[in-house]
Structure formats: C-alpha cells, structure tokens
Amino acid sequence: GNAAYILGTLAESESGRRRVISLTESRHDERKRILPDLVYLLSSTDSESVMNAAGTIGTLAESDEVCREKRGYFAFFSLIG
C-alpha cells in the first residue's frame, strides 16, 4: 500500500510520471511486477491501499506518455499480465 502511494505521488508530476513509466520498461525482472502488483492491491481489504493503487494506475494510464507514445493506452494494460 505504501509503495502505491509513493508511486502515485511521483506520477503526479511529469518528470516523476516519466520515471515510473521508465521503471516498467527497465531490463530488470522487477519491472514485470510493478503494474501487476498495483492491480493486486485493488483486491486488498485495506481501502487506503486500494485507493492508492487505483489512483496510481489511473494517473499512469491517462498520462500523455502512455497515450501518445509507442505503447498507447491498451498496450499499457497488456503490461499488467
């Protein structure tokens, strides 16, 4: 839950959003877990974790970087797995 809050806070600024998105494109194996972990938090019993995860996913999905760049909106969600 706290990680979703931190990622969401970063994603609120343009440079932070680019950084969070770049993490999902990294060569490290952890990149494959960022979005699936956020989606997993959506089923948490902790409402604050759910809100943080949902806000982070929404912020990233609606960002210009996702909507205009090579992946696009639907490709972004294909990264979730």
Side-chain angles (χ1 to χ4, degrees):
N2 290 336
Y5 174 79
I6 292 167
L7 289 173
T9 301
L10 286 171
E12 291 296 323
S13 72
E14 184 179 335
S15 62
R17 195 169 36 255
R18 282 195 308 264
R19 179 66 181 130
V20 172
I21 291 170
S22 75
L23 290 172
T24 67
E25 298 169 336
S26 129
R27 294 182 189 186
H28 300 286
D29 286 339
E30 294 82 16
R31 74 167 168 85
K32 297 176 187 174
R33 300 286 316 148
I34 295 171
L35 295 175
D37 285 349
L38 287 170
V39 170
Y40 177 77
L41 283 172
L42 295 175
S43 62
S44 173
T45 57
D46 177 32
S47 61
E48 192 169 330
S49 292
V50 173
M51 289 181 9
N52 289 334
T56 301
I57 292 168
T59 298
L60 294 174
E62 294 176 351
S63 71
D64 289 342
E65 293 85 359
V66 169
C67 292
R68 282 194 263 173
E69 295 213 9
K70 60 185 179 225
R71 291 177 293 158
Y73 184 79
F74 293 107
F76 173 77
F77 283 102
S78 73
L79 295 172
I80 292 172

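Here the structure is a predicted model, which is why all the values come from computation and not from measurement.
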Please check if Leu38 and Leu42 belong to a single hydrophobic cluster, counting links between Ile, Leu, Val, Met, Phe, Trp and Tyr side chain heavy atoms closer than 4.5 Å.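 They do share one cluster, since a chain of ILVMFWY contacts under 4.5 Å joins Leu38 to Leu42.
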Verify side-chain hydrogen bond (donor to acceptor under 3.5 Å, both in side chains) between Arg19 and Ser22, making sure each step is shown before the conclusion. CA-CA 5 Å; Arg19 179 66 181 130; Ser22 75; 3.2 Å; yes
Which donor-acceptor pairs under 3.5 Å do the side chains of residues 5-12 make with protein atoms, sequence neighbours left out?
from, atom 1, to, atom 2, distance (Å)
Thr9, OG1, Tyr5, O, 2.8
Glu12, OE2, Thr59, OG1, 3.4

Spacing of [X] atom [atom1] and [Y] atom [atom2] [to the nearest 0.5 Å]:
X     : Y     : atom1 : atom2 : answer
Ile34 : Ile57 : CD1   : CD1   : 12.0 Å
Ser47 : Met51 : OG    : CE    : 6.5 Å
Asp37 : Leu41 : CG    : CG    : 7.0 Å

Taking the side chain as every heavy atom from C-beta outward, state whether Glu14 and Arg17 have any pair of such atoms under 4.5 Å apart.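 Contact flag for Glu14/Arg17 side chains = yes.
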Ser44: side chain to side chain contact (heavy atoms under 4.5 Å, CB included) partners, not counting sequence neighbours: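 Side chain to side chain contact (heavy atoms under 4.5 Å, CB included) check on Ser44 returns Asp46, Ser49, Val50.
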